[in-house]
Number of protein chains: 2
Amino acid sequence: MTPTIKDVAAHAGFSIATVSRAINAPHTVNPVTLDTVRRSIDALDFRPSALGRQLRGERTRLIGVILPTLANPVFAECLQGIDELAATQGYRLMLMTTQYDTERERHAIETLREHRVEGLILTVADADTHPLLDELDRAGLLYVLMHNDTVRRPSVSVDNRLAAYEGVRMLIAHGHRSILMLAGTLAASDRARQRHLGYAQAMQQAGLAPAPALEVDFNADELSPSVLAHLTRGANRPTALFCSNDLLAMVVMRGLRRARLQIPHDMSILGFDGLAMGELLSPPLASVCAPNREIGCAAWQRLLARVTGGYETFSETPLALTLPHSLREGATIAAISNRNETTPARISVRA
Amino acid sequence: MTPTIKDVAAHAGFSIATVSRAINAPHTVNPVTLDTVRRSIDALDFRPSALGRQLRGERTRLIGVILPTLANPVFAECLQGIDELAATQGYRLMLMTTQYDTERERHAIETLREHRVEGLILTVADADTHPLLDELDRAGLLYVLMHNDTVRRPSVSVDNRLAAYEGVRMLIAHGHRSILMLAGTLAASDRARQRHLGYAQAMQQAGLAPAPALEVDFNADELSPSVLAHLTRGANRPTALFCSNDLLAMVVMRGLRRARLQIPHDMSILGFDGLAMGELLSPPLASVCAPNREIGCAAWQRLLARVTGGYETFSETPLALTLPHSLREGATIAAISNRNETTPARISVRA
DNA sequence: ATGAAAGCGCTAACAG
DNA sequence: CTGTTAGCGCTTTCAT
């Protein structure tokens, strides 16, 4: 069906070796021959099989990418960065998503290894304790994590703790004293932990009491009554919410609006991720921003350096590469008077 | 480095054929042998090379996916659908993005063909006149388009013309008479054309004058003065905008807000795509919704049917599969009194 | 400058 | 039930 190098050789009247050379090292073959061969290649619409090549040579120029989901633009943004560089440098991407499911993670890694990918770029729930990553280490398969917050493994991320700390300090600077952190239900992730740590530190430093993260079901249409109760009831109801990611922040805002709360008048909102889309919201979402696309690019570059560089196993740069974060003030944060947080917050012009 | 079937054979003391059988047809080998072989496989951490397999067998179980960009969630949503089914059915995805660049499209197709993908799922700017697709037809490489609106090629989409028609009718039903369509600058796409057609039909049918689509730069931070002039100036300024996609709608809304226009009070907005995220906006974005995820799923199923089914070249179902669209009323549309469109619109409770 | 031949990792006849 | 062998499409010595 599909023509092979043999067909070309026969058509051109040369050996397959010559055809191979004509393709891979044109200068080593007689110009006239070269021309003939090329004509045959065109005539047959021949396309060298990557399979055959890869089997022969060592390099597959294939990189595996494993992401939790594409429903969250954070990962789509990272992937954009990766894809851009991959395309430039002649590498192919094999993509698999896991929905944070360990079984699917295992399966993805397995599949990708069977395809002899030269390396892996991935995001997992919790990197430190992930057995599959230990396995990769043992097997010597190169990988770089994105977003995972760990010093034990090759990774690219922001300083989640510090970033969250600064974000919450900003809330405090705006006069908020009762601040709650919200997280998704599956949020046993390393970065969610770090973000909560930063939240807690900022609170304590201001002499405020940090609370455990409140879990919110991402997919529910409405906020659950119990969550809503937490957010609205009496005495020391929170005036600001720190959401562990932007998508969650958006879901929460919708829930609050449906419950007739106004943002930021009745509740200030701070997200995390810095989704490009957040800026398009009304009001623009305040967020602790990670450079998602750049994280993807950096992960790619680190991986490629190791893949091509070869042997500098460690001792090079630190395992964890930390990229700078930034604060997007947005307009979902209102300053409030410090007088009395139990009454509905008042709008301040300073916001 | 990586162990091969030979290593396993040597380690187990059997031939490579037996090892191969132990893997692919366990029931055909002696249980004791099987056990030994499996032990060796584990001991060596052997993983059969997909390369070797593919080279031998006909099937690569590899599908290429070519998307314009992942920055627009429309495509990420489609990809989710594809990926879900691919994972279930044991296929691998090779992903490439093009940024609507023809050269990159060519390159992506080329690369994917070299990898002997069994089929292609893709979205291009304009399917009807796309020379590369003709080439695919000629070469007999199976493909299915997503979102492209054409009857000439295998595709899955909504009826863009009809959907847009209904959307604009909805605007008209809300009392709007001066309605403008906005499109992205690179919007020479087949679906943008169909959507404009639907817009024009709805307008004409209501005795209103359709205007050419107004081009808006997607990436600019602010709306250009000339665009803004179109939207706000005097006599018959539009009271509603039909945006050719949701992302554009969001950008436009930001621009309008910066220009101190209120939505929907001063301007009603209707998007197209039905991004999941649109529901999270405030106000929730009215949109003509395509079932993006399902489009991905359907494209996958059609492709796989052809890939595995084999020979029913045509005569089966029609080339273009049209999935049902829906209207999401959202809250970016206000009803206006029909009296006098030249004065600022008034809020109506009916919205 | 070109060709013959080996071999990459694997599967599939075909023998035994 | 197991082994031998050929060959998938290609690159790469090694001769010529």
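Please read these numbers as outputs of a predicted model, since none were measured by experiment. First the proteins, then the strands, lettered A, B, ... as listed; each starts at 1.
- Between the CG atom of Asn24(A) and the P atom of dT13(D) there is a distance of 13 Å, given to the nearest Å.
- Bounding nucleotides for the chain B contact on DNA chain C, 5' to 3', at a heavy-atom distance below 4.0 Å, are dC8(C) to dA13(C).
- Taking atom CZ of Arg21(B) as the reference point, atom P of dT4(D) lies 11 Å away to the nearest angstrom.
- Within residues 5-19 of chain B, the residues having any heavy atom under 4.0 Å from DNA chain D are, by residue number, Phe14(B), Ser15(B), Ala17(B), Thr18(B).
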Enumerate, atom names and distances included, each donor-acceptor pair closer than 3.5 Å involving a side-chain atom of residues 2-9 of chain A, sequence neighbours excluded.
| from | atom 1 | to | atom 2 | distance (Å) |
| --- | --- | --- | --- | --- |
| Thr4(A) | OG1 | Lys6(A) | N | 3.1 |
| Asp7(A) | OD2 | Thr4(A) | N | 2.7 |

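- Side-chain contact between Leu145(A) and His130(A): absent, with no pair of heavy atoms (C-beta onward) separated by less than 4.5 Å.
- A heavy-atom distance below 4.5 Å is not found between the side chains of Met94(B) and Ile63(B).
- Comparing Leu55(B) and His27(B) along DNA chain D, the residue whose closest nucleotide (by nearest heavy atom) sits nearer the 5' end is His27(B).
- When the C1' atom of dC10(D) is taken as reference, atom CD of Gln54(A) falls 11 Å away, rounded to whole Å.
- Thr4(A) comes within 4.0 angstrom of the backbone, heavy atoms only, and of no base.
- Within residues 28-38 of chain A, no residue has any heavy atom under 4.0 Å from DNA chain D.
- The bend of the helix from dA1(C)-dT16(D) to dG16(C)-dC1(D), defined by the angle between the axes of its first five and last five pairs, stands at 40° to the nearest 10°.
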Tabulate below the donor-acceptor pairs under 3.5 Å that side-chain atoms of residues 65-76 of chain A make, not counting sequence neighbours, or state none.
| from | atom 1 | to | atom 2 | distance (Å) |
| --- | --- | --- | --- | --- |
| Thr69(A) | OG1 | Ala71(A) | N | 2.8 |
| Thr69(A) | OG1 | Gln80(B) | OE1 | 3.4 |
| Asn72(A) | OD1 | Val74(A) | N | 3.0 |

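- Rounding to the nearest 0.5 Å places CZ of Arg38(A) at 9.0 Å from CG of Asp42(A).
- Atom-to-atom, CE of Met1(A) to P of dG9(D) comes out at 13 Å; the value is rounded to the nearest Å.
- Phosphate contact (OP1/OP2 of dC10(D), side-chain N/O of Ser49(A), threshold under 4.0 Å): absent.
- The NE2-C1' distance, from His115(B) to dC10(D), rounds to 14 Å in whole Å.
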